[in-house]
2 protein chains.
Amino acid sequence: MSRGNTGVTAQAVHAEACPVREVLDRVAGKWSVQILVAAAHGPIRFTELERSIDGISRRMLTLTLRNLERDGLVTRTVHPTVPPKVEYELTTVARELHVTLLSLTDWAERHRVTIAESRAAYDDRHRPEPLDA
Amino acid sequence: MSRGNTGVTAQAVHAEACPVREVLDRVAGKWSVQILVAAAHGPIRFTELERSIDGISRRMLTLTLRNLERDGLVTRTVHPTVPPKVEYELTTVARELHVTLLSLTDWAERHRVTIAESRAAYDDRHRPEPLDA
DNA sequence: CTGTATCCCTAACGATACTG
DNA sequence: CAGTATCGTTAGGGATACAG
């Protein structure tokens, strides 16, 4: 995701100094978590992922999988058959993360309504213009 | 972050259908987690945050704080003094998240080396060009 | 001290057509 | 089936100057 740099960027330097961000870059991205969750139940094929993750494009599925593979979070196994069959599976490292991810989504479930209300209230307070005329 | 839409976007529709992404949007962003962590020990002032979070710009600190406030994850208290004093504090909802966040950063700490190696190995395997001549 | 307002750049993403 | 390649859009973010 950050190849092709001409030199050492401020980002890179900072990443070195900041483990916190380093993690999140791995789990952030629009689709990583959903892929991790979808693959949690065992080996899963490319098309199965594509179908089970609603709204993802082929391109993003590929890109995200490549990044996860690069970070050692998923393995990619190509079966030399015809038609081709490729299976993705979580590594043990990723499976450890999975527990935390569940904790995250659980937190979300529990508070999503509250947060939604908070948002609505905030947006209400900060409306377009007072305009009392 | 997504105001000013002219209509119901695909994103919005999807967010409604997908709680998973909904959470992460709240915690993603480049600085949210670091702010949440920095504010975990009690009320903290704007400038203190700015100093404790290395590399953050004033703009992003403000923006991220506003979003966290909007979602009800931090409270903003203005003390009408001169010079002004503003304190940010985590809400109970956010404090629950904090535990999970620690779990995340802990995971990162434990695997950061492995992941870094995985990356290096991957990049090595997928070098510029074989070019055996 | 605690922010806004601008400008600008880049990475991330989406759509779609093509391929081994 | 499992991807690339290409093109276009936009949202996130950095730098900096200004303001209550």
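Chain A is the first sequence line, chain B the second, and so forth, proteins listed ahead of strands; every chain is numbered from 1.
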Main-chain N/O of [Y] paired to [X] side chain as donor or acceptor, under 3.5 Å:
| X | Y | result |
| --- | --- | --- |
| Arg70(A) | Asp123(B) | no |
| His79(B) | Val86(B) | no |
| Ser52(B) | Glu48(B) | yes |
| Thr105(B) | Leu101(B) | yes |

Give the rounded distance in Å between these two atoms: [atom1] of [X] and [atom2] of [N].
| X | N | atom1 | atom2 | value |
| --- | --- | --- | --- | --- |
| Leu65(A) | dT4(D) | CG | P | 10 Å |
| Glu50(B) | dT4(C) | CD | P | 13 Å |
| Leu49(A) | dA2(D) | CG | P | 9 Å |
| Lys85(B) | dG3(C) | NZ | C1' | 17 Å |
| Asn67(B) | dA11(D) | CG | P | 14 Å |
| Asp25(A) | dA12(C) | CG | C1' | 12 Å |
| Leu61(B) | dG12(D) | CG | C1' | 16 Å |
| Leu63(B) | dG3(C) | CG | C1' | 11 Å |

message: By nearest heavy atom, map Arg76(A) and Arg59(A) onto DNA chain D; which one lands nearer the 5' end?
response: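 Result: Arg76(A).
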- prompt: If each of Phe46(A) and Thr64(B) is mapped to the nucleotide of DNA chain D with the nearest heavy atom, which maps nearer the 5' terminus, i.e. the 5' end?
  reply: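 The 5'-side residue here is Phe46(A).
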Give a yes/no answer on whether the side chain of [X] brings an N or O atom under 4.0 Å of OP1 or OP2 in [N].
| X | N | result |
| --- | --- | --- |
| Lys30(A) | dG14(C) | yes |
| Arg58(B) | dA17(D) | no |
| Tyr88(A) | dG3(D) | yes |

Choose from [options] the nucleotide whose nearest atom is closest to any side-chain atom of [X].
| X | options | answer |
| --- | --- | --- |
| Val86(A) | dG3(C), dG14(C), dA2(D) | dA2(D) |
| Ser57(B) | dC1(D), dG14(D), dG14(C) | dG14(D) |
| Met60(B) | dG3(D), dC1(D), dG14(D) | dG14(D) |

field: Electrostatic pair Arg110(A):Asp106(A) at N-O distance under 4.0 angstrom
entry: yes
message: Students often get this wrong, so: under 4.0 angstrom with heavy atoms, is Thr62(B) touching a base, only sugar-phosphate, or nothing?
response: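 Base, at least one base heavy atom under 4.0 Å.
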message: Need one value for Arg45(B): base, sugar-phosphate or nothing, where a base atom within 4.0 Å counts as base even if backbone is also close, heavy atoms only.
response: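 If one applies the 4.0 Å heavy-atom cut-off, Arg45(B) turns out to touch the sugar-phosphate alone, with no base involved.
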5' priority, DNA chain C, between Pro84(A) and Glu48(B) [closest heavy atom]: Glu48(B)
